[in-house]
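Take a look at the structure set out below.
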Amino acid sequence: MISNNDTLFARAQLTTPGGVNSPVRAFRSVGGTPRFITHAEGPYFWDADDRRYIDYIGSWGPAIVGHAHPVVIKAVQDAAARGLSFGAPTQGEIEIAEEICKLVPSIEQVRLVSSGTEATMSALRLARGATGRDKIVKFEGCYHGHADSLLVKAGSGLLTFGNPTSAGVPEDFVKHTLVLDYNNCEQLEQAFKDMGDQIACVIVEPVAGNMNLVRATPEFLQTMRRLCTQYGTVLIFDEVMCGFRVALGGAQALYSIKPDITALGKVIGGGLPVAAFGGRADLMKHMAPLGSVYQAGTLSGNPVAVAAGMSTLKLIQEPDFYTRLTAQTAKLVQGLSDAAKEAGVTFSGDAIGGMFGLYFAAEVPGTYTAVMASNKDLFNKFFHAMLDAGVYLAPSAFEAGFVSAQHDDAVIGATIAAARGAFAQLA
Ligand code: KE4
């Protein structure tokens with residue numbers, strides 16, 4: 001039977017490259033037809049065939065309070081009724097900026113933008129403008145959006161500069177980007193020894209979620225912080241994904257490490273386009289119109305999007321929000337691990353706050369190389385068995401998963417029951 005998803009996917013490809021507006025949605029990593037979502041509520045969404053799924057994407061992080069939360073929807077409706085966008089400052093922008101600064105103490109000043117890419121791109125430009133240096137350091141497996149100088153894979157040699165991961169990015173645009181191994185302290189020490197006084201910034205996902213979930217070791221982040229301080233390099237924590245996801249104060253609260261600049265997104269928009277970059281006031285003062293680092297945006301701080309973000313930020317401050325979210329995520333991963341073990345399938349899982357990683361590997365990976373060694377084919381079979389059972393996981397073996405406050409015991413229990421059947425198909 002031709003599903004409505006097939007029909008819509010064929011039609012979409014006539015007008016949009018790959019039929020999607022963001023590549024990961026096309027299911028090319030797992031195969032099959034993407035599900036076209038018609039509506040969502042709480043932990044669920046429905047596809048074009050009106051099939052219900054338990055959703056573990058949550059829009060890749062924003063839907064932390066659950067889809068279509070009545071408080072968020074009302075805030076958006078009320079804001080929209082007052083007009084959609086003014087291109088002029090509003091009180092709501094002040095209020096969400098104050099809330100972000102309160103919740104993330106390393107952020108003394110913050111600038112709102114419309115996507116995580118804009119946030120990290122602007123943070124890089126700020127670091128380069130404030131230090132007068134060109135070189136930047138990122139890590140293999142971390143994704144920071146699609147700004148040219150960040151679409152880079154590791155160079156051939158250990159400490160050579162990166163090569164573009166995308167066509168259309170001139171070599172010149174990445175020749176200042178050094179790509180190192182995540183969780184490799186020795187390599188980082190060596191890079192700073194060789195060229196520390198030329199490095200404008202280090203940008204890192206303090207809890208990586210774009211090579212699947214990989215935690216930074218405390219030593220790795222401590223080494224990074226020490227070296228950046230020693231060499232006058234700006235330390236940028238890209239918390240677009242892990243911010244307000246792994247803890248109320250983000251990964252920097254969990255690790256007790258203070259970055260110089262933080263990039264935020266996803267949760268702070270509650271599903272609408274709000275992202276931000278902010279940090280030390282002495283750095284932020286370089287931003288136009290005060291300073292010489294230019295950055296702008298027609299829809300930056302959009303009042304309707306800010307209403308969604310602000311209402312979400314209020315809801316996640318409810319008592320025990322993260323205690324409950326963390327417990328539910330841990331329950332999910334433990335249940336999946338038990339189910340895999342019962343089926344004799346080599347599998348491991350990790351959970352931190354409301355974020356989780358599933359690996360068809362004997363142990364939870366701590367490096368990019370280890371993640372890449374996990375069994376992608378088994379994941380893809382598991383993904384489709386779960387999808388057929390009404391559970392929607394990230395359509396890639398190299399993405400993290402997300403739990404919302406609405407994923408209660410019944411939802412987690414149904415997921416684990418589905419997994420028992422899925423693992424049985426793999427054994
Ligand atoms: P956006 O430009 O997609 O809003 O944010 C880019 C970004 C920056 N930093 C981190 C740590 C991120 O995770 C992201 C975006 N995350 C992906 C998930 N792998 C978004 C999903 C997509 O690309 O469609």
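Remember, it's 1-based here, ligands and their atoms both numbered in the order they're listed.
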Original post:
Does the S374 side chain pair with the main chain of V371, one donor and one acceptor, at a distance under 3.5 Å?
Top reply: yes
Subject >> Atoms of ligand 1 close to M241 [distance to a heavy atom under 4.0 angstrom, numbered from 1] >> reply: 13 (O), 18 (C)
Subject >> Any N/O pair T117/ligand 1 closer than 3.5 Å >> reply: yes
Subject >> Numbered atoms and elements of ligand 1 in range of V24, under 4.0 angstrom, heavy atoms >> reply: 22 (C), 24 (O)
Original post:
Which atoms from ligand 1 have a heavy atom of E205 less than 4.0 Å away?
Top reply: 11 (C)
**OP:** Mark whether atom 13 (O) of ligand 1 lies under 4.0 angstrom from at least one protein heavy atom.
**Re:** yes
Subject >> Close-contact set for ligand 1 against H144 heavy atoms, below 4.0 Å >> reply: 8 (C), 9 (N)
Original post:
Counting heavy atoms only, which of S22, A275, S59 is nearest atom 22 (C) of ligand 1?
Top reply: S22
**OP:** State plainly whether the residues K314 and E99 are in salt-bridge range, i.e. N to O under 4.0 Å.
**Re:** yes
Original post:
Is it true that atom CD of Q109 has more than 12 heavy atoms of other residues, nucleotides or ligands lying nearer than 6.0 Å?
Top reply: no
Original post:
Purely on distance, is any nitrogen or oxygen of R25 under 3.5 Å from one on ligand 1?
Top reply: no
**OP:** Would you please determine whether E118 falls within less than 4.0 Å of ligand 1 on a heavy-atom basis?
**Re:** no
Original post:
Which residue from T120, I203, V274, N210 reaches closest to atom 19 (N) of ligand 1 through any of its heavy atoms?
Top reply: N210
**OP:** Show your reasoning for whether salt bridge (charged side-chain N to carboxylate O under 4.0 Å, His left out) applies to D282 and R280.
**Re:** CA-CA 5 Å; D282 66 300; R280 285 172 24 205; 2.6 Å; yes
Subject >> Atoms in ligand 1 with a heavy atom of E399 nearer than 4.0 Å >> reply: 18 (C), 19 (N)
Subject >> Salt bridge D377-K381, side-chain N to carboxylate O under 4.0 Å >> reply: no
**OP:** State the atoms of ligand 1, each with its element, that fall below the 4.0 Å cut-off from a heavy-atom position in G145.
**Re:** 6 (C), 7 (C), 8 (C)
Subject >> D350 with R215: basic N within carboxylate O range, under 4.0 Å >> reply: yes
Subject >> For K266, atoms of ligand 1 separated by under 4.0 Å from a heavy atom >> reply: 13 (O), 15 (C), 16 (N), 17 (C), 20 (C)
Original post:
Does atom NZ of K102 have more than 12 heavy-atom neighbours from other groups under 6.0 Å away?
Top reply: yes
Original post:
Taking atom CZ of R35 and atom CG of N4, what is their separation to the nearest 0.5 Å?
Top reply: 11.5 Å
Original post:
Could you walk me through whether H176 and F173 pass the side chain to side chain contact (heavy atoms under 4.5 Å, CB included) check?
Top reply: CA-CA 7 Å; H176 298 300; F173 281 36; over 6 Å; no
Original post:
For ligand 1, which atoms, with element, lie under 4.0 Å from some heavy atom of S115?
Top reply: 2 (O), 4 (O)
**OP:** Provide, to 0.1 Å, the distance between atom 9 (N) of ligand 1 and the closest protein heavy atom, together with that atom's residue and name.
**Re:** D238 OD2, 2.7 Å
**OP:** Please write down residue, atom name and distance for the protein heavy atom closest to atom 4 (O) of ligand 1.
**Re:** G116 N, 2.9 Å
Original post:
Do the side chain of S59 and the main chain of G61 share a donor and acceptor less than 3.5 angstrom apart?
Top reply: no
